[in-house]
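The structure under discussion appears below in the form of structure tokens.
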Amino acid sequence: DTGVSQDPRHKITKRGQNVTFRCDPISEHNRLYWYRQTLGQGPEFLTYFQNEAQLEKSRLLSDRFSAERPKGSFSTLEIQRTEQGDSAMYLCASSLVGRYNEQFFGPGTRLTVL
Amino acid sequence: RKEVEQDPGPFNVPEGATVAFNCTYSNSASQSFFWYRQDCRKEPKLLMSVYSSGNEDGRFTAQLNRASQYISLLIRDSKLSDSATYLCVVTTGNTGKLIFGQGTTLQVKP
């Protein structure tokens, strides 16, 4: 257990529904990252926060996706009008500021869109 | 072309074997380099950072060649517990965001 938690661990939904995932980072970590991983691929960066500010978003993050970190602590990732192509593992990671600081990953939320 | 490329394998080796994984990256501005390990259906975990001078951690040795934009990982005396996917990772800029390769799967057999 790295200290990063994610909820839920698994989510099955029907196409067109909205889903929301939560990530609780290690408490003193000011950076929080979201990644998406599909089968047989490495994780791909989606977005990151430094404290409550969302500083970068990947082109992978279409306008159906929104992420928040309202008080600089936990974060949520919402997907609206889910599509089958959204099926993936959504990973959250946290770290301290600094490019050499290790990112600690949560266990992920596995999303299946039927 | 992917920013970080790895041979996906799988590499099937007997216990005790030495196995080497290679990785290339396309962005010459990449600044930090890592190997992560990911067990089946689990989250990635940092295995080791990679430096130009090379670094060793027990049975694991990592090398970086900036001129060739090439990173390697050598595992000596493979154990059954080394079976996992090994992810080559780089960062660029100060955001700390990780750019992953596809991963190389290692299966160590008795």
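We name chains A, B, ... by the order of the sequence lines, and we start the count at 1 in each one. Being a predicted model, the structure only gives us computed values, none of them experimental. Values reported hereafter were calculated over all heavy atoms of this structure, with side chains retained and with hydrogens, waters and symmetry mates removed.
- Between B/Q38 atom CD and A/F105 atom CZ the span is 8.5 Å, to the nearest 0.5 Å.
- Within residues 97-110 of chain B, the residues approaching chain A closer than 4.5 Å by heavy atoms are, in numerical order, B/K97, B/L98, B/F100, B/G101, B/Q102.
- The 12-atom threshold is not exceeded at CZ of A/R15, counting heavy atoms of other residues, nucleotides or ligands nearer than 6.0 Å.
- In terms of heavy-atom proximity, A/G42 sits nearest to B/L87 at CA-CD2, 4.0 Å.
- Here side-chain hydrogen bond (donor to acceptor under 3.5 Å, both in side chains) pairs that include residues 15-29 of chain B, with residues two or more places apart or in two chains, are B/N22-B/Y70.
- Hydrophobic clustering (ILVMFWY, side-chain heavy atoms < 4.5 Å, transitive): B/V13 and B/Y86 are in one cluster.
- Hydrophobic clustering, with ILVMFWY side chains joined whenever heavy atoms are under 4.5 angstrom apart, groups A/M89 together with A/F45.
- A side-chain donor-acceptor contact under 3.5 Å links A/R31 to the backbone of B/T95.
- Under a hydrophobic clustering in which Ile, Leu, Val, Met, Phe, Trp and Tyr are joined whenever their side-chain heavy atoms come within less than 4.5 Å, directly or via other members, B/V89 and B/L64 fall into different clusters.
- Highest contact tally toward chain B, considering only A/A93, A/G106, A/G108, is held by A/G106 [criterion: heavy-atom pairs under 4.5 Å].
- Counting only distance, with no hydrogens or angles, the side chain of B/E43 and the backbone of A/C92 share no donor-acceptor pair below 3.5 Å.
- Counting only N and O atoms by type, the side chains of B/K2 and A/Q41 include a donor and acceptor under 3.5 Å apart.
- Both the backbone and the side chain of B/P44 have a heavy atom closer than 4.5 Å to some heavy atom of chain A.
- Of residues 53-61 of chain B, not one residue has a non-hydrogen atom less than 4.5 Å from any non-hydrogen atom of chain A.
- Using a 4.5 Å cut-off between side-chain heavy atoms of Ile, Leu, Val, Met, Phe, Trp and Tyr, with links allowed through other members, B/V19 and B/L47 fall into the same hydrophobic cluster.
- B/V50 and B/Y36 sit in two unconnected hydrophobic clusters of ILVMFWY residues. Membership requires side-chain heavy atoms under 4.5 Å apart, directly or through other members.
- A/F104 does not touch chain B: none of its heavy atoms, backbone or side chain, sits under 4.5 Å away.
- The structure places CZ of B/F34 at 8.0 Å from CD of A/Q103, a figure rounded to the nearest 0.5 Å.
- Scanning residues 48-86 of chain A against chain B with a 4.5 Å heavy-atom cutoff picks out A/Y48, A/E56, ordered by number.
- Within 6.0 Å of CG on B/L80 lie more than 12 heavy atoms contributed by other residues, nucleotides or ligands.
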